[in-house]
There are 2 protein chains.
Amino acid sequence: MADEPEPVAKKSRAPSMHDVARLAGVSHQTVSRVINDAPNIRDETKQRVLDSMEQLQYRPNRAARALVTSRSRTIGILSASRTNYGPAASIQAIEDAANAAGYAVTTANIQGFESTSIVRAIDRLLDQAIEGLVVIAPQRRTFDTLAGMALRLPIVTLQSTGTDGDRSLSVDQIMGARLATRHLIELGHRSIYHLAGPQDWIEAEARMTGFLDEMNAQDMPTTAPFLGDWTAEFGYFAGRELLRVRDFTAIFAANDQMALGLMHAIRDARLDVPGDISIVGFDDIPDAAHFWPPLTTVRQDFAELGRRCVALLLGGLDAGEQYDGIIAPTLVVRGSTGPPLNR
Amino acid sequence: MADEPEPVAKKSRAPSMHDVARLAGVSHQTVSRVINDAPNIRDETKQRVLDSMEQLQYRPNRAARALVTSRSRTIGILSASRTNYGPAASIQAIEDAANAAGYAVTTANIQGFESTSIVRAIDRLLDQAIEGLVVIAPQRRTFDTLAGMALRLPIVTLQSTGTDGDRSLSVDQIMGARLATRHLIELGHRSIYHLAGPQDWIEAEARMTGFLDEMNAQDMPTTAPFLGDWTAEFGYFAGRELLRVRDFTAIFAANDQMALGLMHAIRDARLDVPGDISIVGFDDIPDAAHFWPPLTTVRQDFAELGRRCVALLLGGLDAGEQYDGIIAPTLVVRGSTGPPLNR
DNA sequence: CTCATCGTTGTTCACGTTCACAAGGGTGAG
DNA sequence: CTCACCCTTGTGAACGTGAACAACGATGAG
């Protein structure tokens, strides 16, 4: 354990500001000024510092900076089911935008359904000293828990909650659902089912609301929606159930995966889509155009959503921007819908 | 801007160890010992500290800890195309496992195809002072760039690179491809095409190798594989191209999305899957069971992969475990394959 | 020529934690 | 009774950075 020679490298430690300063023949504060490009530095000095940084492969120590400024420059994302296309695309976009703004991103996933799992996830984010929180694809319970924790953080949610406390930003799910429903009605369908998302999910509720709103607006009789779990698997079994009665000519599924499962069940019953039954989905995942038949669905611009989300979060608390936080979805008509022919 | 009263709260600052220490009537060091549960603390003292922490809602300051220990307890993930199911599932699993071990995770995404983009992504991770790096779904170029940067970090890649420098862990892509190919041969197919992934991708190469190996092993003639881009869209157009000649009875696609596109093109040509043409995919994404027809494919256990990945990274450098880093994939036979009937 | 001012750079401290070491009190052996 | 030792706790320094303030030289006005 005696002192070792260590000819060139002084320590195995990463170079610090002081090392750069020494090499450049200035004080560490001057180096700091160069890094944060403060005004009033002589060009020649600045260049010398930059050269030294380059030569030493210097990297600012984020922890030290965070300590002294008490700013972590980190954004937290709280999400559920991040293997689904929508959340994944949103996370991606948020991360890109955050990085561009010099922020890092950490994510935490809600594992189960109990609220302890939610608390744990938020705890992990708080441990990271996040400066802002984005909530993706949430369930109502998430918000209740969040509200109960009384966080002192800017929070943006990617789905409108209806509550006023936090700012939200979302694709207008209700309008999307109305577009889908109206499309079916205009094709001549009179008996339309809705295969909804799970109870308690904000998005599922909004889509269901949109469906019921439009049906009522057009004086159409409605039946109670089926509650699903977003998976193709569930769509398949729901389809088999529904086909026992078959008192409908169209189904609006709350997402593309369930629509896929539905179509599977319908084909199994030797019925035709859209001849016997029309199907509309929601999300426009990349695969939807190649389902059989290609799926009519509602497109959400996840990337745009992510970008605006970060802008909202980092743009500070400039209110007023709060209410253009709604992005209009568009209907994409493909082969899975048509007039109710075989009846 | 005058001083405000602030009756109760001394500062708006978060409570620190000293605050806890003062409240509990001990020194900050004792608090530190409680947090890191060091031995030799009287139970009564410990409890008093815990109570104070609870009362003040104390949270350790990660930045301060990182500064003094020079350990960030953060793992970096470098990924490409994280909206795809495979990478997304892997990231999820890695994050869960890392969190369980008390580590945080940051991800960086390779945006384009130039190596500057790769360098930038790694730079962002290094700014976070990551202690280990996981590389997911990489292209060869990623590794070249990585090697050029000579990082002093433990690196684990989720796909075998063939190079010895870094430790890798992977589903055995070659074996998976052989399973798929053998299945087609055993069904009686003699002319089989391979729709491969993009050039330069490790996984794509491995699957192609597996395909060619098995074909050669069984003395089957092979044609040059088609190179795709993983998307259903490409699969669709590739299918249209291939069907102009139609000198084959089966196609092995390098992933499920391309297989989906292929089946779309085949139906458009009024041909039957599997009657006219059999299709095998790769990945077993959750939707694959509900494609039409349900897709025969190769299942990879992404979750297991992620778990082992973190174990490998954090388990330190205990060599010897290095070579059980291969997870066997399994073939899942569904409706998209059958004997070549209509010929 | 003198003094104020501005542009540039340096000095010192604080952030919240862990580490190395020291100090205090109790216990047991001789 | 005394001393050594262990258990428990405290003290001071250090990590790398940014903020506040000070200091220095040059410049320009009077």
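In what follows, every chain begins at residue 1, and chains take the letters A, B, ... in the order their sequences are listed. In this text the structure is predicted, and so the values were computed from the model without any measurement.
- Residues B:L313 and B:P154 share a closest heavy-atom pair of CD1-O, 3.8 Å.
- As judged by a 4.0 angstrom heavy-atom cut-off over every strand, A:I35 is placed among residues making no nucleic acid contact.
- Interface remark: the A:R62 side chain does not form any donor-acceptor pair with the D:dG16 base, using a distance-only criterion of under 3.5 Å.
- Protein atom CG of A:N61 is 6 Å distant from nucleotide atom C1' of D:dG16, rounded to whole Å.
- For the residue pair B:T83/A:Q92, the side-chain donor-acceptor check at 3.5 Å is not satisfied.
- Summarising the geometry of A:N109 relative to B:E95, their closest heavy-atom pair is N-OE2, 4.3 Å, with the distance given to 0.1 Å.
- For C:dT18, its base sits under 3.5 Å from the side chain of B:H28 at one donor and acceptor pair at least.
- Two residues, A:N40 and B:R59, neighbour DNA chain C, and the one matched to the more 5' nucleotide by heavy-atom proximity is A:N40.
- Straight-line distance from the CE atom of B:M17 to the C1' atom of C:dC19: 12 Å, rounded to whole Å.
- Of the options A:V34, A:V26, A:T30, a side chain to side chain contact (heavy atoms under 4.5 Å, CB included) to A:R48 is made by A:V26 and by none of the others.
- Which of C:dT17, C:dT8, C:dA14 sits closest to the side chain of A:R42 comes down to C:dT8.
- The side chain of B:S32 has C:dT18 as its nearest neighbour among C:dT17, C:dT18, C:dG10.
- Across A:L151 and A:L146, no two heavy atoms sit closer than the pair CD1-CD1, 4.0 Å.
- Side-chain contact check for A:Q47 and A:D43: no donor-acceptor pair (N or O, by modelled atom type) lies under 3.5 Å.
- Separating the CG atom of A:D43 from the C1' atom of C:dT9 is a distance of 15 Å, rounded to the nearest angstrom.
- An OP1 or OP2 oxygen of C:dG10 is reached within less than 4.0 angstrom by a side-chain nitrogen or oxygen of A:T30.
- As rounded to whole Å, 10 Å separates atom P of C:dT17 from atom CE of B:M53.
- Comparing C:dG10, C:dA14, C:dT18 by their nearest atom to the side chain of A:V26 picks out C:dG10.
- Taking atom CD1 on B:I41 and atom P on D:dC7, their separation rounds to 14 Å, with Å as the unit.
- Ranking C:dG16, D:dT9, D:dG18 by closeness to the B:A64 side chain, first place goes to C:dG16.
- Between A:R33 atom CZ and C:dG7 atom P the separation is 14 Å, expressed in whole Å.
- Along DNA chain D, the nucleotide closest to B:Q29 and the one closest to B:L67 are compared, and the more 5′ of them pairs with B:Q29.
- Between the base of C:dG16 and the side chain of B:R13 there is no donor-acceptor pair shorter than 3.5 Å.
- Rounded to an integer number of Å, the gap from CZ of A:R48 to P of C:dT8 is 14 Å.
- Counting non-hydrogen atoms under 4.0 angstrom, B:S70 reaches nothing in the nucleic acid.
- Atom-to-atom, CG of B:L56 to C1' of C:dG16 comes out at 15 Å; the value is rounded to the nearest Å.
- Counting non-hydrogen atoms under 4.0 angstrom, A:P60 reaches the backbone sugars and phosphates but no base.
- For B:T69, the side-chain atoms get nearest to C:dT18 when compared with the rest of C:dT18, C:dG16, D:dG18.
- With D:dC15, C:dG10, D:dT17 as the choices, the nucleotide that has an atom nearest any side-chain atom of B:V68 turns out to be D:dC15.
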